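I have placed the structure first, in the form of structure tokens, so that the comments after it can refer back to it.
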Number of protein chains: 2
Amino acid sequence: MDPTPQQRARNPWGQGERLRGEILEAAARLLSELGGEEGLTIRGVARAAGIAPASIYQHFADKNALVHGLIEYDYERLAAAMAEADAALPAEQVVDRVRAQMHAYCQFALDSPGHYRLMLNNRPRREPGEPPKGPLGKVILGVTAAFERCEQAGHKLRLPAERSAVMVFVATHGLVALWHASPDERQLDRIEPMVSEFLSLVFA
Amino acid sequence: MDPTPQQRARNPWGQGERLRGEILEAAARLLSELGGEEGLTIRGVARAAGIAPASIYQHFADKNALVHGLIEYDYERLAAAMAEADAALPAEQVVDRVRAQMHAYCQFALDSPGHYRLMLNNRPRREPGEPPKGPLGKVILGVTAAFERCEQAGHKLRLPAERSAVMVFVATHGLVALWHASPDERQLDRIEPMVSEFLSLVFA
DNA sequence: GCAGTTACCAAACGATTGTTCAGTGACTTA
DNA sequence: TAAGTCACTGAACAATCGTTTGGTAACTGC
């Protein structure tokens with residue numbers, strides 16, 4: 001029943017900041033188990049981390065701060081996974097590198113539905129003057145760059161590179177969001193081909 | 001403060017079923033005001049309908065039954081809006097009729113974010129043997145028919161009609177879902193052009 | 001008039017939630 | 001050894017939630 005039933009040893013003198021990381025890790029673990037934001041509670045995170053609920057408030061002002069800490073951490077994970085997938089392919093396979101990025105994106109979304117939904121449904125209200133994409137900006141930037149390399153390699157696009165990136169990204173989000181809403185094992189295999197189809201639609 | 005502060009007159013003898021409709025209407029109103037499922041509570045619906053919370057349980061087994069009643073009602077509204085938009089155009093404007101359906105879809109999603117999110121995030125677990133689309137099947141069916149008329153009129157598609165419909169639908173859902181996640185008035189005008197762009201991508 | 005049904009409601013129950021506050025014990029500095 | 005700091009906790013508060021129970025008042029059929 002209890003994920004971490006044993007007593008936790010307190011951190012050594014002067015290293016209290018460690019607990020912040022442990023709380024984030026425990027919250028991430030819990031969110032993965034739950035598959036959604038609904039059961040993600042202060043008490044639950046505390047239990048998963050093996051600490052008292054009150055201890056969380058030494059590191060996060062309130063539940064919102066904890067959630068946003070999680071989201072930030074997750075965006076870094078996602079961007080890293082996409083960049084890695086991109087870099088893993090030889091430079092000349094320009095189209096495959098777009099596909100690899102989007103594949104990594106889907107993998108993240110399908111492996112961690114709770115994280116993905118939390119990230120995309122709690123995007124920050126944007127300040128006037130900021131770019132409209134929020135933390136997703138980096139993701140789209142990476143895809144845009146990959147599309148630009150396609151153009152330089154001679155592949156014709158039906159839309160400018162950045163617009164192509166936005167289109168493919170938006171469509172892929174629709175796809176994984178719909179799958180999250182009613183997951184179906186038998187449909188899982190259809191997701192990747194559909195992303196490829198989105199890709200082929202933006203190429204001339 | 002109170003949405004319906006005045007006392008409600010009880011329904012006449014034998015017409016108790018009326019309250020079921022009033023409850024659904026009150027729930028719909030409340031959901032529109034809230035803009036999300038989070039605050040949609042039995043007590044809130046009761047207050048909006050001007051009745052006691054307990055009275056809801058004479059017409060709905062539990063909160064889930066109430067929510068699913070709402071969802072069913074909303075799917076009918078959506079399908080009707082799309083069919084009407086389709087029929088409002090002359091038969092020969094085949095492409096515009098696809099666009100009109102998707103425009104009606106977006107209008108619904110943007111006018112009633114709470115309803116839209118409730119519908120798409122609470123899709124039923126599918127029984128083995130059922131079509132995989134759930135209540136969205138009818139929506140996609142209408143778009144598919146519109147694409148088939150395009151083909152018959154001589155417009156070339158890059159994918160079969162049904163596949164085109166699914167692609168455009170999925171992409172459009174991604175678009176409105178992202179807008180819901182961080183609404184921005186200045187981006188509102190960009191939604192319709194993007195849907196048109198999705199459409200033009202599936203045409204050869 | 002009287003029993004029975006219908007349409008509703010007031011009040012409470014029990015569970016869960018975020019959050020606060022007053023500590024407790026271990027360690028460091030003086 | 002004494003004072004102070006740090007890491008952390010137990011217990012409670014106040015709010016909200018879905019749901020149940022036991023009614024009451026109005027109307028119908030007899």
Side-chain angles (χ1 to χ4, degrees), chain A residues 1-27 30-31 33-34 36-71 114 118 122, chain B residues 1-27 30-31 33-34 36-71 114 118 122:
Chain A
M1 278 286 155
D2 287 334
T4 325
Q6 79 275 17
Q7 282 296 350
R8 211 187 74 95
R10 79 160 50 187
N11 276 322
W13 179 272
Q15 310 256 345
E17 278 300 303
R18 276 195 208 169
L19 186 51
R20 191 193 142 93
E22 292 180 37
I23 291 170
L24 280 177
E25 279 174 35
L30 183 61
L31 184 56
E33 285 170 19
L34 292 171
E37 194 179 357
E38 304 83 49
L40 190 69
T41 147
I42 290 277
R43 287 173 150 88
V45 172
R47 205 180 321 124
I51 58 173
S55 305
I56 291 180
Y57 290 89
Q58 291 178 331
H59 300 276
F60 300 94
D62 53 11
K63 190 193 172 186
N64 230 294
L66 171 58
V67 167
H68 279 80
L70 241 188
I71 290 178
L118 188 69
N122 289 296
Chain B
M1 281 285 155
D2 287 333
T4 325
Q6 79 275 17
Q7 282 296 350
R8 211 187 73 95
R10 78 160 51 186
N11 278 321
W13 179 270
Q15 310 254 346
E17 278 301 302
R18 276 193 207 169
L19 186 51
R20 191 193 142 92
E22 293 180 38
I23 291 170
L24 279 177
E25 279 174 35
L30 183 60
L31 184 56
E33 285 171 19
L34 292 172
E37 194 180 356
E38 304 83 50
L40 189 69
T41 148
I42 291 278
R43 288 174 149 88
V45 172
R47 204 180 322 126
I51 60 175
S55 305
I56 291 179
Y57 289 89
Q58 291 176 332
H59 299 276
F60 300 94
D62 52 12
K63 191 195 171 185
N64 229 295
L66 170 59
V67 167
H68 279 80
L70 240 189
I71 290 178
L118 189 68
N122 288 295

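Remember, it's a predicted structure, so these values are computed and weren't measured experimentally. We use all heavy atoms of the structure for the numbers below, so side chains are in, but hydrogens, waters and symmetry mates are not. Every chain is numbered from 1, with letters handed out A, B, ... down the list of sequences.
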Here the distance between atom P of C/dT19 and atom CG of A/Leu66, to the nearest Å, is 10 Å

Need one value for A/Thr41: base, sugar-phosphate or nothing, where a base atom within 4.0 Å counts as base even if backbone is also close, heavy atoms only. sugar-phosphate

To the nearest angstrom, the CD-P distance between B/Glu38 and D/dT16 comes to 16 Å

Regarding the side chain of A/Arg10, the nearest nucleotide among C/dT6, C/dG25, C/dG18 is C/dG25

Note to self: When you compare the side chain of A/Leu66 with that of A/Leu40, does any pair of heavy atoms fall below 4.5 Å?
What the structure shows: no

On DNA chain C, more 5' by nearest nucleotide between A/Leu40 and A/Gln58 is A/Leu40

Checking C/dC9, C/dA7, C/dG18 against the side chain of A/Tyr57 (C-beta onward), the nearest is C/dG18

Open item on the list: At less than 4.0 Å, is any side-chain N or O atom of A/Asn11 found next to OP1 or OP2 of D/dC6? Yes or no.
Closed with: no

Per nearest nucleotide of DNA chain D, the residue lying toward the 5' end, A/Ala52 or A/Arg43, is A/Ala52

In whole angstroms, the gap separating P of C/dA7 from CZ of B/Arg18 amounts to 11 Å

Atom CD of B/Glu22 and atom P of C/dA7 are separated, to the nearest Å, by 12 Å

Ranking C/dG4, C/dC9, D/dG10 by distance to the side chain of B/Ile51, first place goes to C/dC9

